[in-house]
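Right, one structure below, let's go through it.
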There are 2 protein chains.
Amino acid sequence: MAGLVGEFEVKVDAKGRFLFPSGLRKQLSPATQRDFMLNKGFEDCLTLYPLPEWEKISEKLAKMNLFKPKNRMFYRLFHQGAKLIALDNAGRILIPTAHMERVGLNQDVMLIAYNDRIEIWDKSKYFDVIEGNMADFADLADEVMGDLDDGE
Amino acid sequence: MAGLVGEFEVKVDAKGRFLFPSGLRKQLSPATQRDFMLNKGFEDCLTLYPLPEWEKISEKLAKMNLFKPKNRMFYRLFHQGAKLIALDNAGRILIPTAHMERVGLNQDVMLIAYNDRIEIWDKSKYFDVIEGNMADFADLADEVMGDLDDGE
DNA sequence: AAAAATTACCCACTATTACCCACTTTCTTC
DNA sequence: GAAGAAAGTGGGTAATAGTGGGTAATTTTT
């Protein structure tokens with residue numbers, strides 16, 4: 001699999017749940033469709049990792065030299081707020097209140113899936129960020145894709 | 001493949017579907033005639049990538065280091081509106097309502113094929129943009145293609 | 001330990017989409 | 001120009017996706 005893809009709009013109901021979109025579910029093997037690790041994301045979002053992907057990241061981090069203060073701090077910060085989550089029988093996810101407040105989630109939520117992760121954004125915040133960066137998109141493409149070519 | 005070409009006019013039916021023109025289908029190998037990746041293009045249009053073309057790009061992106069903020073942002077920008085799409089048995093594409101609204105698609109739609117992609121425009125919007133820029137065509141040619149000579 | 005709040009589990013309903021079938025029109029071939 | 005094939009339209013229906021909320025179980029609070 002080339003990784004997760006897709007942008008999905010979901011609605012949080014009165015109980016703080018939303019349906020995990022079928023389009024995303026189908027990208028995951030049956031064994032990984034139920035359990036996820038929820039963590040705070042970079043920038044203003046939450047991130048959902050399929051368990052196997054989370055373990056890959058964990059392994060990477062475990063290789064760090066934890067005698068270095070900076071590494072220890074990064075390790076703590078990265079894991080702080082991580083929580084194991086499972087879908088209910090209707091295929092919905094319940095986001096803990098504390099997490100929702102942390103990134104200012106309202107009723108309208110966007111799920112952004114790429115590579116090994118699913119980001120959870122407040123819809124209006126997401127589009128603000130996207131529009132704010134759109135102007136730099138071309139430059140960014142040049143910069144990012146340019147770097148990649150160097151590696152080949 | 002020498003790349004896709006052509007401008008096609010299609011009509012969106014009451015269910016939000018349109019027929020993928022046979023002239024375009026014939027440019028694709030049988031294996032790639034069914035599945036596409038839809039996403040939001042530059043300017044006010046949607047872009048359809050044949051799956052193999054999309055995967056080429058994906059492979060490159062998968063090598064990025066996602067601990068770098070720039071790379072994450074690029075990923076998000078590039079994946080805007082990304083959604084896997086398949087034709088139905090009658091060879092039609094269903095464009096999700098959210099996507100149609102996002103770029104203001106009405107009943108009359110233009111498909112613009114070039115290189116590895118197919119752009120989907122609202123007809124009137126497309127001609128507005130074309131006409132609006134026609135006057136600058138000569139200058140643009142000079143500006144864009146003029147540089148090419150230097151490199152050859 | 002009782003009350004309140006949160007979370008998990010379950011059931012019922014609605015909307016959307018995938019799938020199918022039938023028909024009309026246009027192009028090809030004889 | 002007739003016959004057949006392919007292109008293009010339109011819509012019905014069954015299955016799935018998505019929504020809403022009741023109640024039991026668990027946890028938290030007083």
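So you know, we letter chains A, B, ... as the sequences are listed, proteins then strands, and number each from 1.
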For this session: Give the rounded distance in Å between these two atoms: CZ of A:Phe8 and C1' of C:dT16.
Result: 16 Å
Exercise. Closest nucleotide of DNA chain D for B:Lys15 versus for A:Ala14: which of these residues is on the 5' side?
Worked result: B:Lys15
For this session: For atom NZ of A:Lys40, decide whether the heavy atoms of other residues, nucleotides or ligands shown that lie under 6.0 angstrom number more than 12.
Result: yes
Exercise. How about B:Lys70: does its NZ atom have over 12 heavy atoms from other parts shown lying under 6.0 Å from it?
Worked result: no
For this session: Give a yes or no on whether B:Ile112 and B:Met37 share a hydrophobic cluster (residues Ile, Leu, Val, Met, Phe, Trp, Tyr; joining criterion: side-chain heavy atoms under 4.5 Å apart).
Result: no
Exercise. Backbone N or O of A:Leu28 within a donor-acceptor pair of the A:Gln33 side chain at under 3.5 Å?
Worked result: yes
Exercise. Base, sugar-phosphate alone, or nothing: which one does B:Arg17 contact when heavy atoms must sit under 4.0 Å apart?
Worked result: base
For this session: Please state how far atom CZ in A:Arg25 lies from atom C1' in C:dT17, giving the value in whole angstrom units.
Result: 14 Å
Problem set entry | Rounded interatomic separation in angstrom, taking CG from A:Leu87 and C1' from C:dT7 | 15 Å
Seminar exercise, completed: By nearest-nucleotide position on DNA chain C, the 5'-leaning member of B:Pro96 and B:Asp88 is B:Pro96
For this session: Give a yes/no answer on whether the side chain of B:Asn89 brings an N or O atom under 4.0 Å of OP1 or OP2 in C:dC20.
Result: yes
Seminar exercise, completed: Here the distance between atom C1' of C:dC11 and atom CZ of A:Arg92, to the nearest Å, is 11 Å
For this session: Could you check how far CD1 of B:Ile85 sits from P of C:dT16, rounded to whole Å?
Result: 17 Å
Exercise. Could you state the CG-C1' distance from A:Leu19 to C:dA15, rounded to the nearest angstrom?
Worked result: 13 Å
Exercise. Which atoms form the tightest heavy-atom contact between A:Asp44 and A:Lys125, and what is the distance?
Worked result: OD2-NZ, 3.0 Å
Exercise. Would the A:Phe8 and A:Phe20 ring centres measure less than 6.0 Å apart?
Worked result: no
Seminar exercise, completed: Bounded by its outermost nucleotides with an atom under 4.0 Å from a heavy atom of chain A, the footprint on DNA chain D reads D:dA17 to D:dT23
Seminar exercise, completed: note: B:Ile93, atom CD1; C:dA18, atom P; distance rounded to Å ~ 12 Å
For this session: Whole angstrom is fine here: how far is it from CG in B:Leu94 over to C1' in C:dA15?
Result: 14 Å
For this session: Show your reasoning for whether ring-ring contact (aromatic ring centres under 6.0 Å, His included) applies to B:Trp54 and B:Phe78.
Result: CA-CA 11 Å; B:Trp54 174 267; B:Phe78 190 78; 5.7 Å; yes
